[in-house]
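Letters go in sequence order (proteins before strands), and every chain restarts at 1.
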2 protein chains.
Amino acid sequence: MENARELFQIMTRRLGLLNKNCCTVGGCDLSPAHSHILYEVDRRHNPSMQQIAETLGTDVTTFSRQVQALIKMNLLQKTPDPSDRRVYTLSLTVSGKMAATTIDTQMNAYLDEVFSYMSEFEQETLLRSVKLFNEAMGKSSKCCAPVTG
Amino acid sequence: MENARELFQIMTRRLGLLNKNCCTVGGCDLSPAHSHILYEVDRRHNPSMQQIAETLGTDVTTFSRQVQALIKMNLLQKTPDPSDRRVYTLSLTVSGKMAATTIDTQMNAYLDEVFSYMSEFEQETLLRSVKLFNEAMGKSSKCCAPVTG
DNA sequence: GATAATATTTGCATAATGCAAGTATGAGCC
DNA sequence: GGCTCATACTTGCATTATGCAAATATTATC
């Protein structure tokens with residue numbers, strides 16, 4: 001396990017599995033895709049549908065349907081933007097906010113458990129490194145460019 | 001962007017998009033799922049179907065069909081295990097090996113580009129940290145346990 | 001040699017995806 | 001104002017992906 005790609009491949013695979021497992025929230029069984037949407041809407045301020053879809057790299061039509069599903073589950077709200085009536089603004093319902101928080105807590109709990117196998121110093125180094133890595137990816141123009149954050 | 005989950009969420013999203021983009025290899029347009037299979041078969045020695053499916057966290061029946069698709073694309077081979085005829089052993093064809101290598105190269109090239117926005121020291125620290133993190137996840141019993149490597 | 005366990009495949013029903021086309025609103029220009 | 005074009009979002013439709021239950025074939029157990 002020497003080259004960079006290898007390390008990241010294994011890591012993302014594991015985190016992906018984690019994502020699958022951590023999405024069961026109070027009866028509702030959220031797919032990773034749905035969980036990602038809640039996460040992203042939560043961290044933004046009244047984003048439009050298009051913005052979130054682009055950020056997540058999802059086709060808008062697929063995204064439209066995912067949003068419909070989340071609305072039906074009473075986790076998401078769609079509000080028409082008064083300044084441009086073509087646009088819909090997304091926000092979490094109370095249940096949606098709760099679901100997002102629960103998922104976040106579960107994920108962090110799992111990460112804490114993993115961190116227990118690392119020293120304090122190693123943890124901090126890891127988080128600092130990932131932060132720098134994210135920033136570097138943000139600067140890169142090659143691909144994955146639409147992802148902000 | 002302060003808690004651990006947040007950092008990893010953003011990172012995996014970006015790397016996921018990268019995976020999507022990097023899978024176009026010589027005409028063949030591989031899905032991330034297919035690419036993961038090639039990757040995993042490549043790094044193992046004649047694994048069984050079950051082993052790979054479990055490692056990737058995929059249902060065996062879904063996996064069986066993914067394998068069929070890759071065989072049809074002439075990237076993968078299925079050989080009956082002489083010592084247990086229930087078992088099929090997977091291996092890459094020459095084209096499959098080539099595809100896997102190409103993807104690996106593309107991914108590493110992209111990562112190199114990203115690394116250009118980081119200092120030598122930061123890169124090394126990142127890779128060392130991720131390695132430790134992977135090992136820690138391997139030790140964790142909570143979830144994602146089946147993933148070896 | 002009968003029964004249980006394992007590895008893989010197929011049937012089937014469901015869900016996810018994305019392109020093309022449709023609707024509704026806004027912007028630019030005469 | 002009114003025509004044309006661009007934009008934000010939704011629906012039709014065909015394709016693909018998914019997973020459970022059941023089938024098949026082989027091996028292990030007793």
Residues in contact with DNA chain C, drawn from residues 61-70 of chain B - heavy-atom cutoff 4.0 Å: T61(B), S64(B), R65(B), Q68(B)

Find the distance K20(A):NZ to dG19(D):C1' and express it as a whole number of Å. 11 Å

Can you tell me the distance, in whole Å, between the NE2 atom of H36(B) and the P atom of dT18(D)? 12 Å

How many Å lie between CD on Q51(B) and P on dT6(C), as a whole number? 15 Å

Looking at side-chain heavy atoms only, is the closest gap between T55(A) and R13(B) below 4.5 Å? yes

Might you work through the salt bridge (charged side-chain N to carboxylate O under 4.0 Å, His left out) test for R128(A) and E122(B), ending with a clear yes or no? CA-CA 9 Å; R128(A) 216 173 323 111; E122(B) 289 167 344; over 6 Å; no

Under 4.0 Å from OP1 or OP2 of dT10(D): is there any side-chain N or O of K78(A) that close? yes

In whole angstrom, what separates L30(B)'s CG from dT16(D)'s P? 15 Å

For the rings on Y117(B) and F133(A), is their centre-to-centre separation under 6.0 Å? no

Using every non-hydrogen atom in the two residues, find where Q66(B) and A33(B) come nearest and quote the distance to one decimal. NE2-CB, 3.8 Å

Could you tell me the separation between the CD atom of E54(A) and the P atom of dT7(D), rounded to a whole number of Å? 12 Å

What is the distance, rounded to the nearest whole Å, between atom CG of L90(A) and atom C1' of dC9(D)? 11 Å

Check the distance between dA21(D)'s P and D59(B)'s CG and give it to me in whole angstrom. 11 Å

When you match V60(B) and H34(A) each to their closest nucleotide on DNA chain C, which lands nearer the 5' end? V60(B)

Rounded to whole angstroms, how far apart are CE on M49(B) and P on dT8(C)? 6 Å

Report the nucleotide, chosen from dT8(C), dA24(C), dC9(D), that has the shortest atom-to-atom distance to any side-chain atom of R86(A). dA24(C)

Quick one: which of dA8(D), dG26(C), dT26(D) gets closest to the side chain of Q50(A)? dA8(D)

With a 4.5 Å heavy-atom cut-off, do Q9(A) and E40(B) have their side chains touching? no

Quick one: does T93(B)'s side chain have a donor or acceptor within less than 3.5 Å of a partner on N74(B)'s backbone? yes

Test item: side-chain donor near acceptor, Q77(A) and S91(A), under 3.5 Å: yes

